[in-house]
Amino acid sequence: MNYQNRSFERLTDVSEILDRLNDRQREAVVAEPGPLLVTAGAGSGKTSVLVRRIAWLIKAFGVSKHQIMAVTFTNKAAREMKSRVEDLLGMNEAPYRIGTFHGLSNSFLRIYHEAAGLESDFTILDSGDQKSLISRLNRDLRISVGEFKPQQFQNFINRSKSNELRATALSPRNYREQIFVRVYEAYENYCEANSLVDFEELLLRTVELLKRNQLVREELQDRYQHVLVDEFQDTNSMQLEWLKLFCGKRNQITAVGDEDQSIYGWRGALAENMIQFEAIFPGTRIVRLEQNYRSTQTILNAANAVIQHNDQRYSKELWTERKKGASVKLFNAYDSGQEAKFVAEVILSGVSRSIPYSNFAVLYRTNAQSREFEEVFGYQQIPFRIYGGLRFYQRKEIKDILAYLRLLVEPNNNEAFSRVVNFPRRGIGSVAQERIAQYASSRNLSYWQASSEIVKDYSVQVHFRAALTNFLELINRIREEGEHESFGDVIASTISISGVKQFYKSRKLESDITRIENLDELENAAVNFIRRSNCKDSIESIRPFLDTVALDSDDKHDENTLNAVQVMTLHLAKGLEFPVVFLVGVDENLLPHVLSLKSDQNGRRGADKDSLAEERRLFYVGMTRAEQQLFLTRSGIRMVRGRMSVFRPSRFLKEIPRQFLDTVPFNQKIDSDFTKKINPDDLLGSTIDHRVFGRGCVTGLRHEGKFPVLTIDFDEHGTKQVLWEMNNFKVRR
DNA sequence: ACCTGAAATATTTTT
DNA sequence: TATTTCAGGT
């Protein structure tokens, strides 16, 4: 147990882990194993700390990489953490168990499926699947859509599950609750019978497994002696339970989070978990990271002032060694069109000074606000990329192909069967499908098995039999051909043989062109999957592929290389940073949003004060995304649901002290510091950070035609000639 | 099976 | 205003 000595022995090897860390960060990285809470303000290098702590545990404390589990919320964060640990320690030295709550739960449930009461090949339902399943069950239960919407049931079920409540544990007190519990029960039974597991279920099953099965619990607690969590403020009660169960009595947990960036309270996240951490894990050491490496002091001052209006937080104040910077700018537009035009103008004026489009971000509260910006940017030919909206793997055409794939390996999967049996149309309509279902349930067969029998039954209509035979043969044919094909080709032939591609080609709609592109993209994704994973390049990889796809809806990866203005909601912006940020729609009733100002009708959460505080945090998150310049814009008039409405300035604006905020006069072109071009000629002799090669010193400069070329001595990559690409450089103090 | 028009609905969404 | 969903007619 004497870690100190071991660390001393190895210290020389490992000192680079602590390179370029400030005192607080270092304190967190080297803290003795035990409960550690790092309250990490925006831009304070929390990921660095987490990554280096993992490295430190391994190198200094001699912990095996197999004994470490690191948990994140997004696959993106998990991937980043993994690759950064690998950068630090070398390929294959990173812990294997770095993943999301859901991804890790899934892995454990596959391993311990029997103890968890699951089939080994259970299918993961995404939220879309879940919703359509509930709708279907409601139809069977004769629940009228007028009275209750599927969405309500979905919320109810997920909320119950995340409170660790099964349907049997609920006792309805009135008619309304009776209906809800009945649907929940039916849903659970159906999932159980068909080996379906939704997102919440992944976590709940894991929690139940660890609670009930001592053997498994001890085995896992023994294996993962060190647990690390990112974005701890976003954990809900079940996720906390999950963590506690893995930690066991050892309590060697490192949690990193920022209660000021808790913006998912409406989904059950409990920022209180941060506050209660000490009480839950006795002997907690708390380290506060307050030095910010992202924004100017002015932006931080403004943001600090705003967030100070919230209580229930560890008081912390971000500071930076960076320069003061330009004041925060406020633009009061007459209407939302003008608001968008202002943003476009500022961007264009920046671009004319060779600032790349990708340095700008437009952040808003609601997706509906994107429209104006799309229009103006389109008109002004400003390249932009909107994040959010329907995810790649949620699109109909993609889900259809995935269902075909599933049917290839699991013919008895009724979900997949129903989805594709009549798409594209093959004359097996609702009547025919009803008949299959009847036949199946009366004989306790799957739809596939039922169909195989119906086909041989000569008392059944010829048309029906022929259509069904065709379908069965189609699936068999894809499977047979797939036996000798590469995985990519399996996907390709599924797309073509199924007739899905032909279907979209035959129609001449605008949207069908994108659909076909998406299908092609799916082929690429399949090829990439084989390259990135260590799965076989054959039809056998369908299962792991479907699993990955269900849990990792990540869109195309290296979009950030694209030179376009980044447009997204405040929620999606968390964790990102941009040189110039436009936080738009800073109006009362929009930010804070109306619906957060009064308690909502479902009785979900009535605490106005809590939700107002969350809106404020949202505003704070937006502000702290900005590195150099922050613009706040608002508009007196905007269209809401087809009606013109008048808007007053957001109350949050008053919370920004005057000296940090300047109002941009109407119709006056802004001309501020941020648009100053970083001139390559001024860089000679200075230290820079390169996006790819890291730190280096500029030792030479020459011009090749239009392009400046810098000679740079990199710390880790030797001397290189590098083309001046503004995007790739940051100047160090 | 497919089309059509009325009706309902519109905050945020890591998995 | 824009989009989706559903009932009802053909």
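Just so it is clear, the structure is predicted and the values come from calculations on it, not from any experiment.
Between dT15(B), dT1(C), dT11(B), one nucleotide has an atom nearer to the side chain of Ser127(A) than all others, and that is dT15(B). The Asn367(A) side chain lies nearest to dT13(B) when the options are dA1(B), dT13(B), dT3(C). Picking from dT9(B), dT13(B), dT11(B) the nucleotide with the shortest atom distance to the side chain of Lys149(A) gives dT9(B). Listed nucleotides dA1(B), dT13(B), dA2(C) differ in distance to Thr569(A); the shortest reach to its side chain belongs to dT13(B). Nearest nucleotide to the side chain of Leu595(A), out of dT11(B), dT15(B), dT13(B): dT11(B). Residue Leu572(A) places its side chain closer to dT13(B) than to any other of dA2(C), dT13(B), dT11(B). Taking the side chain of His571(A) as heavy atoms from C-beta on, and the options dA1(B), dT12(B), dT15(B), the nearest nucleotide is dT12(B). Residue Thr366(A) places its side chain closer to dT12(B) than to any other of dT3(C), dT12(B), dT15(B).
By the 4.0 Å N-to-carboxylate-O rule, Glu372(A) lies too far from Lys341(A) to be salt-bridged with it.
Looking at Asn273(A) and Thr235(A), their side chains do bring a donor and an acceptor atom within 3.5 Å of each other. Side chains of Gln154(A) and Gln130(A): a donor on one and an acceptor on the other come within 3.5 Å.
Under a cut-off of 6.0 angstrom, the local environment of NE2 in His309(A) is crowded, with over 12 non-hydrogen atoms contributed by other residues, nucleotides or ligands.
The residue Leu104(A) sits apart from the nucleic acid: no heavy atom pair falls under 4.0 Å. Counting any heavy atom pair closer than 4.0 Å across all strands shown, Phe101(A) reaches no nucleic acid atom. Residue-level contact check: Asp126(A) touches neither bases nor backbone, having no heavy atom under 4.0 Å from any strand.
For the pair Arg641(A) CZ and dT11(B) P, the computed distance is 6 Å after rounding to whole Å. Distance Lys131(A) NZ to dT4(C) P: 12 Å, rounded to the nearest Å.
Of the inter-residue distances, the one linking Ser451(A) atom OG with Arg435(A) atom CZ reads 11.5 Å to the nearest 0.5 angstrom.
The gap from the C1' atom of dT5(C) to that of dT12(B) amounts to 23 Å, rounded to the nearest Å.
The aromatic ring of His593(A) sits over the base of dT11(B), with ring centres less than 5.5 Å apart and planes inclined by under 30°.
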